[in-house]
Amino acid sequence: MKKGLLIILSGPSGVGKNCVRQEIMSMKKIDLTYSVSMTTREKRAKETDGVDYYFVSEEEFQKNIDNGNFLEWASFVGHRYGTPKDKVEALRNAGKNVFLEIEINGASQVMSKVHDDRVISFFLMPPSLNALEKRIRKRKTETEDIIQERLEKGRKEMTMTENYDHIIINDKVERAAQEIVDIIKSKMKKR
Ligand code: 5GP
């Protein structure tokens with residue numbers, strides 16, 4: 001059995017990775033398995049444990065680092081986020097195409113660790129800095145300090161596009177999602 005693809009969707013905070021990911025995962029004609037990350041961040045009202053994230057304590061997260069359980073992990077604005085290594089490997093070995101939605105530091109770790117030709121990376125880019133700020137504010141989930149911190153991070157991150165296979169402009173969620181899916185499908189055909 002051919003190993004499943006490892007698809008990385010990354011980009012600055014607030015660019016809309018989450019919306020694009022959900023749009024992609026809702027498409028019927030493409031079979032992708034989302035890798036649920038572990039985080040120390042608090043659960044937001046609309047989120048479900050085990051679906052959006054595995055919400056864990058700092059101690060539990062640290063235990064997972066110490067045991068080498070993460071394919072990658074990163075700190076992001078005061079919290080830690082990580083991708084469970086064994087799950088991703090097991091899914092790919094079973095032929096499943098695994099989808100990661102992670103921030104930039106973690107994406108670099110995955111790209112430098114996993115070298116098979118079944119990895120595809122996407123950098124999601126906002127149409128402008130203004131658009132990024134509007135999106136972050138519209139979410140209304142963060143305090144002003146956190147918004148400023150996320151924006152500052154976003155500004156820096158917008159220049160970190162090297163090493164990615166594809167740069168996708170998120171001008172419209174449906175369009176960006178379709179562009180990504182078309183690229184994934186053409187890679188699937190190359191089996
Ligand atoms: P949020 O707190 O808004 O859900 O996520 C903050 C950032 O962490 C987003 O950019 C999201 O893509 C990223 N993220 C989510 N899961 C992971 C993960 O497992 N690893 C890394 N490195 N980043 C993650």
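Here the structure is a predicted model, which means the values were calculated and not measured. Both counts, for ligands and for their atoms, begin at 1 and track the order of listing.
Ligand 1 places these atoms under 4.0 Å from at least one heavy atom of R41: 1 (P), 2 (O), 4 (O). Residue-ligand proximity, A74 to ligand 1, at heavy-atom distances under 4.0 Å covers atoms 22 (N). Those atoms of ligand 1 with a heavy atom of G106 less than 4.0 angstrom away are 22 (N). The ligand atoms of ligand 1 that sit less than 4.0 angstrom from a heavy atom of S37 are 16 (N), 17 (C), 18 (C), 19 (O).
K17 has no carboxylate O lying under 4.0 Å from a charged side-chain N of E103, or vice versa, which leaves the two without a salt bridge. Look at D165 and K187 and you find no salt bridge, because none of the NZ, NE, NH1 or NH2 atoms lies under 4.0 Å from a carboxylate O. The pair K63-E60 does not meet the salt-bridge criterion, since no charged nitrogen lies less than 4.0 angstrom from a carboxylate oxygen. A salt bridge between E149 and K153 is absent, with no side-chain N of the basic residue lying under 4.0 Å from a carboxylate O of the acidic one.
Within the structure, the closest approach of F70 to ligand 1 does not fall below 4.0 Å when heavy atoms are considered. At least one heavy atom of R44 sits closer than 4.0 Å to an atom of ligand 1. The closest approach between T83 and ligand 1 falls below 4.0 Å for a heavy atom of the residue.
With a 4.0 Å heavy-atom cut-off, ligand 1 is reached by no atom of M38. Contacts of E47 with ligand 1, taken as heavy-atom pairs under 4.0 Å, are absent altogether.
Partners of F76 according to the ring-ring contact (aromatic ring centres under 6.0 Å, His included) rule, which considers only residues two or more places apart in sequence or in another chain, do not exist here.
Polar contact check, F76 against ligand 1: no nitrogen or oxygen pair lies under 3.5 Å apart. Taking any N or O of W73, backbone or side chain, none lies under 3.5 Å from an N or O belonging to ligand 1. For ligand 1, none of its N or O atoms has an N or O atom of S13 under 3.5 Å away.
Outside the 6.0 Å centre-distance limit, the rings of F122 and F99 are not counted as a close aromatic pair.
A donor-acceptor pair is defined here as one N or O able to donate and one able to accept, closer than 3.5 Å; no such pair exists between the side chain of N170 and the backbone of P126. In terms of modelled atom types and a separation under 3.5 Å, the side chain of R150 and the main chain of S13 share no donor-acceptor contact. With hydrogens and angles ignored, the 3.5 Å screen pairs a side-chain donor or acceptor of E47 with a backbone N or O of R44.
Geometrically, R41 does not engage F55 in a cation-pi contact defined by less than 6.0 Å to the ring centre and at most 45° from the axis.
One option in R21, K153, E101 has a heavy atom closer to atom 11 (C) of ligand 1 than any other, and that option is E101.
In this structure, a donor-acceptor pair under 3.5 Å is absent between the side chains of E152 and Q148.
The shortest contact between atom 23 (N) of ligand 1 and any protein heavy atom is with E103 N, 3.1 Å. Of all protein heavy atoms, the one lying nearest to atom 20 (N) of ligand 1 is E72 OE2, 2.7 Å. In this structure, the protein non-hydrogen atom closest to atom 15 (C) of ligand 1 is Y53 OH, 3.2 Å. Atom 10 (O) of ligand 1 has its closest protein heavy atom at K17 NZ, 2.9 Å.
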